[in-house]
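Just the heavy atoms: all of them, side chains too, but no hydrogens, waters or symmetry mates, feed the values below.
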Amino acid sequence: MKKLLVYLKDYKKESFFAPLFKMLEAIFELIVPLVVASIIDNGILRNNISYVVICSAILVALAVIGMVAAITAQYFAAKAATGFGKELRYALFDKIESLSFSEVDSIGTSSLITRLTTDSNQVQNGVNLVLRLFLRSPFIVFGAMIMAFTVDVKCALIFVGVIPVLSLVVFGIMAYTIPKYKRVQNNLDSITLKTRENLSGARVIRAFTQEEAEINDFTEKNDILTRLQKGVGKISALMNPVTYVIINVAVIALIYSGALQVNKGNLSQGEVVALYNYMSQILVELIKLANLIITITKALACASRIESVMNLENSLQHNRNNELQSENAVDFDNVSLKYKDASENSLENISFIAEKGSVIGIIGGTGSGKTSLVSLIPHFYDATGGKVLVNGMDVKSYSDDDLRQRIGFVLQKAALFKGTVRDNLKWGNENATDDEMLVALKKAQVLDTVLDKGGLDAAIEQNGSNLSGGQKQRLSVARALVRKPDILILDDSSSALDYATEAAMRKEILNLDYNPTVFIVSQRASSVMSADKIIVLDDGSVCGVGNHNQLLEQCDVYKEIYTSQFGEEDSNE
């Protein structure tokens, strides 16, 4: 939690004045029992009505001043807490954006969403309550005990015995519940993941009539979370009744002891009432403190989860080796890749070169490592063996921004953002003109669709939900073309297109006037047949390199893929 408190640095004034005004309110509250005792002893017992009126006016004044102090404290606490929450969420989002794919894969998207939303809110609420009550409640408890000593030492000894017992109960429950709340939040991650999967995969679930199975799976996870919450809730719920019992026992002892002192003439009736009021104040404040501690416990558990993300560092390696080692666009030199926590390599000893301006096709079956291979070019992952060169330099010697500005990458799954067509295309080049965007749309075979929908200002819903799969893919290609990159990577970016549209788009891309190096990743032989060089992958290894005709003769894997799509007769032609 200490590392997160840095986000309160811009709210030092509010963080100081919130507890200060709460302390002022507490001081006025501690004076009240003494005024009440004075009213009883010097006003009511002596039948001095004017004295009662004056003291009553003092009570009203104390109440008004206390209310003003409380409202002021609430304002400062709320301002500090909301500002802290804003800064924390911004910093956490910024941290997530800085992480490499390895860290994001390791933590999980659903867990990151939970930490950015639920966990951040819990921590914000914790800061709010701490600023308001964390100093006030202990101050009232110990202040009431001290004030009790000013009234009567013997009766005040009851306070001395009660407060340690109450502290033991409160902090004992806190120590038990903190790890439990961490488990609750971890299980909430699981619920978030399941919900996210069901929402994004709703069509697939219904297509395969798996609604019942998914409901049962969700119910099982929800029941586990519910049991955990009930278990920790039962322990937390013990705090209030246990503190009530202890305080009420103390009140009985106090009244009994006070009555004896009154009979002996050592105490007045008003002083007994004052002692009782102080004990009542302790009861109220300890209940508040108990609820505060429950909230703090949750906040600390959530803060720990957020800190674990903030402590992560981008694992991508960089060096300062600016030596030009090649004149090619891309070189793979005995490259291997093993994902974090994986048992086997996803790529093994990959070597090839891609000359500038050439077209490289990458083909292979599902899971053969095609996406893993092209993900190494923009340095999304570190190669665990060998080295990858771009424009003759090791990808590790580039800054990530500099390297990726040279590359246009169309991901396997088209991702569009809520806004307009123009907004999405400017992700590729924020300085692109309307004419450049229209040219890119035309080359991607999606210009007519965009014009029918209203042109560059046509609305795009979240993740392109108002577009078909093919339209989303073509817009993603257009976004990459707007950048005019040195290297263009098309990772299975035409899987939703018909053969004619794909062929037209491929023809436009291969005839681009700025002559980029193009990588075409596909499972379709037709997509890579015209490439200058085709790399055939099988289970993470290269099993063939050459042009279409060479591979038909020399590579059984490529011939099998081609035959399965075009037939045996065509392959023999």
Side-chain angles (χ1 to χ4, degrees), residues 101 328-337 339 345-381 383 386-390 395 406-414 473 476-477 480 485-497 499 502-503 505-506 509-510 512 516-552 554-566:
F101 284 5
N328 299 313
V330 176
D331 291 75
F332 271 61
D333 183 9
N334 202 31
V335 172
S336 298
L337 172 65
Y339 289 111
N345 284 344
S346 296
L347 296 175
E348 190 77 45
N349 302 327
I350 306 292
S351 296
F352 69 87
I353 61 172
E355 295 85 358
K356 292 181 178 179
S358 63
V359 179
I360 308 298
I362 299 175
I363 193 169
T366 301
S368 58
K370 303 185 296 296
T371 297
S372 297
L373 187 149
V374 293
S375 292
L376 294 174
I377 299 173
H379 200 199
F380 288 158
Y381 296 92
K387 59 184 175 181
V388 181
L389 307 180
V390 171
V395 292
R406 304 165 185 261
I407 299 171
F409 201 123
V410 184
L411 298 170
Q412 192 170 22
K413 182 179 179 181
Q473 284 189 335
S476 298
V477 172
D486 296 336
I487 299 170
L488 178 63
I489 301 172
L490 306 175
D491 185 5
D492 208 8
S493 57
S494 58
S495 58
L497 304 183
Y499 283 96
E502 181 196 8
M505 183 175 72
R506 188 168 64 250
I509 290 172
L510 297 182
L512 290 170
T517 304
V518 181
F519 285 82
I520 301 175
V521 178
S522 181
Q523 297 185 56
R524 292 179 180 178
S526 60
S527 299
V528 301
M529 284 170 56
S530 58
D532 300 318
K533 182 185 295 181
I534 302 171
I535 300 167
V536 186
L537 295 179
D538 183 36
D539 197 22
S541 299
V542 174
C543 62
V545 178
N547 60 34
H548 170 66
N549 292 326
Q550 290 171 338
L551 290 173
L552 279 179
Q554 302 169 5
C555 181
D556 292 337
V557 173
Y558 183 79
K559 184 176 181 180
E560 182 181 347
I561 293 172
Y562 182 86
T563 302
S564 67
Q565 296 172 9
F566 289 92

So, using side-chain contact (heavy atoms from CB on, under 4.5 Å) as the criterion, who are the partners of [X] when residues are at least two apart?
{"X": "Pro485", "value": "Arg483, Leu488, Tyr514"}
{"X": "Asp539", "value": "none"}
{"X": "Asp556", "value": "none"}
{"X": "Ser476", "value": "Val410, Ala414, Leu416, Arg479"}

Measuring only between side-chain heavy atoms, which start at C-beta, is [X] closer than 4.5 Å to [Y]?
{"X": "Val518", "Y": "Leu512", "result": "no"}
{"X": "Val477", "Y": "Gln473", "result": "no"}
{"X": "Ile535", "Y": "Ile360", "result": "yes"}
{"X": "Leu537", "Y": "Val542", "result": "yes"}
{"X": "Ser494", "Y": "Arg506", "result": "no"}

Mind checking what makes side-chain hydrogen bond (donor to acceptor under 3.5 Å, both in side chains) contact with [X], not counting sequence neighbours?
{"X": "Ser372", "value": "Tyr339"}
{"X": "Gln523", "value": "Thr366"}
{"X": "Asn328", "value": "Ser326, Asp331"}
{"X": "Lys387", "value": "Gln325"}

Within 6.0 angstrom of Glu560 CD, more than 12 heavy atoms from elsewhere: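 At most 12 heavy atoms, drawn from other residues, nucleotides or ligands, come within 6.0 Å of this atom.
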
Donor-acceptor under 3.5 Å ([X] side chain, [Y] main chain):
{"X": "Thr517", "Y": "Ile487", "value": "no"}
{"X": "Ser336", "Y": "Asn349", "value": "yes"}
{"X": "Ser368", "Y": "Gly540", "value": "no"}

Kindly compute the distance separating [atom1] ([X]) from [atom2] ([Y]), expressed to the nearest 0.5 Å.
{"X": "Ile350", "Y": "Leu337", "atom1": "CD1", "atom2": "CG", "value": "9.5 Å"}
{"X": "Gln412", "Y": "Asp491", "atom1": "CD", "atom2": "CG", "value": "5.0 Å"}
{"X": "Ser346", "Y": "Leu376", "atom1": "OG", "atom2": "CG", "value": "10.0 Å"}
{"X": "Met529", "Y": "Ile363", "atom1": "CE", "atom2": "CD1", "value": "10.0 Å"}
{"X": "Phe409", "Y": "Ser375", "atom1": "CZ", "atom2": "OG", "value": "4.5 Å"}
{"X": "Ile407", "Y": "Ile377", "atom1": "CD1", "atom2": "CD1", "value": "7.0 Å"}

Scan for ring pair (Phe, Tyr, Trp, His ring centres under 6.0 Å) pairs involving residues 359-379, sequence neighbours excluded, and state none if there are none.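 Ring pair (Phe, Tyr, Trp, His ring centres under 6.0 Å) check on residues 359-379 returns His318-His379.
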
Mind jotting down which residue pairs meet the ring pair (Phe, Tyr, Trp, His ring centres under 6.0 Å) criterion with at least one end in residues 350-372? Sequence neighbours excluded, please.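 Residue pairs passing ring pair (Phe, Tyr, Trp, His ring centres under 6.0 Å), neighbours aside: Phe332-Phe352.
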
Nearest heavy-atom pair of Ala383 and Val335: which atoms, and what distance?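 Scanning both residues completely, I find the closest heavy atoms to be CB-CG1, 3.8 Å.
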
Would you name the heavy atoms of Leu551 and Ile534 that are closest together and state the gap between them?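 Looks like CD1-CB, 3.4 Å.
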
Keeping to residues at least two apart or across chains, list the side chain to side chain donor-acceptor pair (under 3.5 Å) pairs with something in residues 525-538.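 Non-adjacent pairs meeting side chain to side chain donor-acceptor pair (under 3.5 Å): Glu502-Ser527, Ser522-Ser527.
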
Can you pull out every salt bridge (Lys or Arg N to Asp or Glu O under 4.0 Å) where at least one residue sits in residues 345-368? Sequence neighbours excluded, please.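 Qualifying pairs, neighbours excluded: none.
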
